[in-house]
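These numbers come from the heavy atoms of this one structure, side chains and all, not from hydrogens, waters or symmetry mates.
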Amino acid sequence: EIVSDVDLITAGEKVGMSESTLLNMLKISPFTYGLVVQKVYDSGSVFDPAILDITDDDLKATFMAGVCNVAAVCLEIGYPTVASVGHSVVNGMKNLLAVAAVTDITFKEAEMIKEFLADP
């Protein structure tokens, strides 16, 4: 009689005859058969099988991280590029709104900030 948990087998170990008989008596079939891919060879290159699991979302995320890095470097050194132009426009607008907030200069976009500063 088994009154507590007993580990009969663990993953990766060979199953002996007595364990196999006991598992068959309990009608348990924990066996799976298949190949475990360790390396992939393609056109003269050898790489890990994890490369096969890359999705389009992974590629997009990696590409966008690179674009963010390019934009950050370009903003820091003051070199305009397609990647940094959106940030440059927004930063320019922030500067214009800051100047309009402390001076008498006004334009349509600055009116909301002036109204908020006048009556918070």
K.L.:
Would a hydrophobic clustering, with Ile, Leu, Val, Met, Phe, Trp and Tyr connected at side-chain separations under 4.5 Å, put Ile113 with Leu96?
P.N.:
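Yes, one cluster joins them.
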K.L.:
Taking Met93 as the fixed residue, which of Leu97, Val90, Asn95 is the one that meets the side-chain contact (heavy atoms from CB on, under 4.5 Å) rule?
P.N.:
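Of all the options given, the one that passes is Leu97.
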K.L.:
Looking at Phe107, I'd like to know if its CZ atom is crowded, meaning that more than 12 non-hydrogen atoms belonging to other residues, nucleotides or ligands lie closer than 6.0 Å.
P.N.:
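Counting neighbours around CZ of Phe107, more than 12 heavy atoms of other residues, nucleotides or ligands fall under 6.0 Å, so yes.
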K.L.:
Where is the tightest heavy-atom contact between Thr103 and Val99, given as atom of each residue plus distance?
P.N.:
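That would be OG1-O, 2.7 Å.
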K.L.:
Can you see which heavy atom on Asp48 is nearest to which on Gln38, and at what distance?
P.N.:
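For Asp48 versus Gln38, the nearest heavy atoms are OD1-O, 4.2 Å.
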K.L.:
Check whether any side-chain heavy atom of Leu75 lies under 4.5 Å from a side-chain heavy atom of Ser88, and answer yes or no.
P.N.:
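Yes, close enough: below the 4.5 Å cut-off.
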K.L.:
Distance only, no hydrogens: is a donor on one side chain within 3.5 Å (strictly under) of an acceptor on the other, for Ser84 and Thr81?
P.N.:
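The criterion, which ignores hydrogens and geometry beyond distance, is satisfied for Thr81 and Ser84.
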K.L.:
Do the side chains of Leu52 and Ile54 join up, straight or via other hydrophobic residues, at under 4.5 Å, putting them in one cluster?
P.N.:
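Same cluster: Leu52 reaches Ile54 through Ile, Leu, Val, Met, Phe, Trp or Tyr contacts under 4.5 Å.
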K.L.:
Which heavy atom in Lys114 sits nearest to a heavy atom in Ile105, and how many Å separate them?
P.N.:
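Scanning both residues, the minimum pair turns out to be CE-O, 3.1 Å.
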K.L.:
Hey, does Val73 have a side-chain heavy atom less than 4.5 Å from the side chain of Val70?
P.N.:
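They are not in contact (no side-chain heavy atoms under 4.5 Å apart), so the answer is no.
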K.L.:
Apart from Tyr41 itself, what residues make up its hydrophobic cluster when side-chain heavy atoms of I, L, V, M, F, W and Y under 4.5 Å apart count as a link, directly or indirectly?
P.N.:
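Its cluster partners, ordered by chain and number, are Val46.
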K.L.:
Side chains of residues 55-67: which donor-acceptor pairs under 3.5 Å do they make with residues two or more places apart or in other chains?
P.N.:
{"unit_1": "Thr55", "atom_1": "OG1", "unit_2": "Asp57", "atom_2": "N", "d": "3.4"}
{"unit_1": "Thr55", "atom_1": "OG1", "unit_2": "Asp58", "atom_2": "N", "d": "3.3"}
{"unit_1": "Thr55", "atom_1": "OG1", "unit_2": "Asp58", "atom_2": "OD2", "d": "3.3"}
{"unit_1": "Asp58", "atom_1": "OD2", "unit_2": "Thr55", "atom_2": "N", "d": "3.2"}
{"unit_1": "Thr62", "atom_1": "OG1", "unit_2": "Asp58", "atom_2": "O", "d": "2.9"}

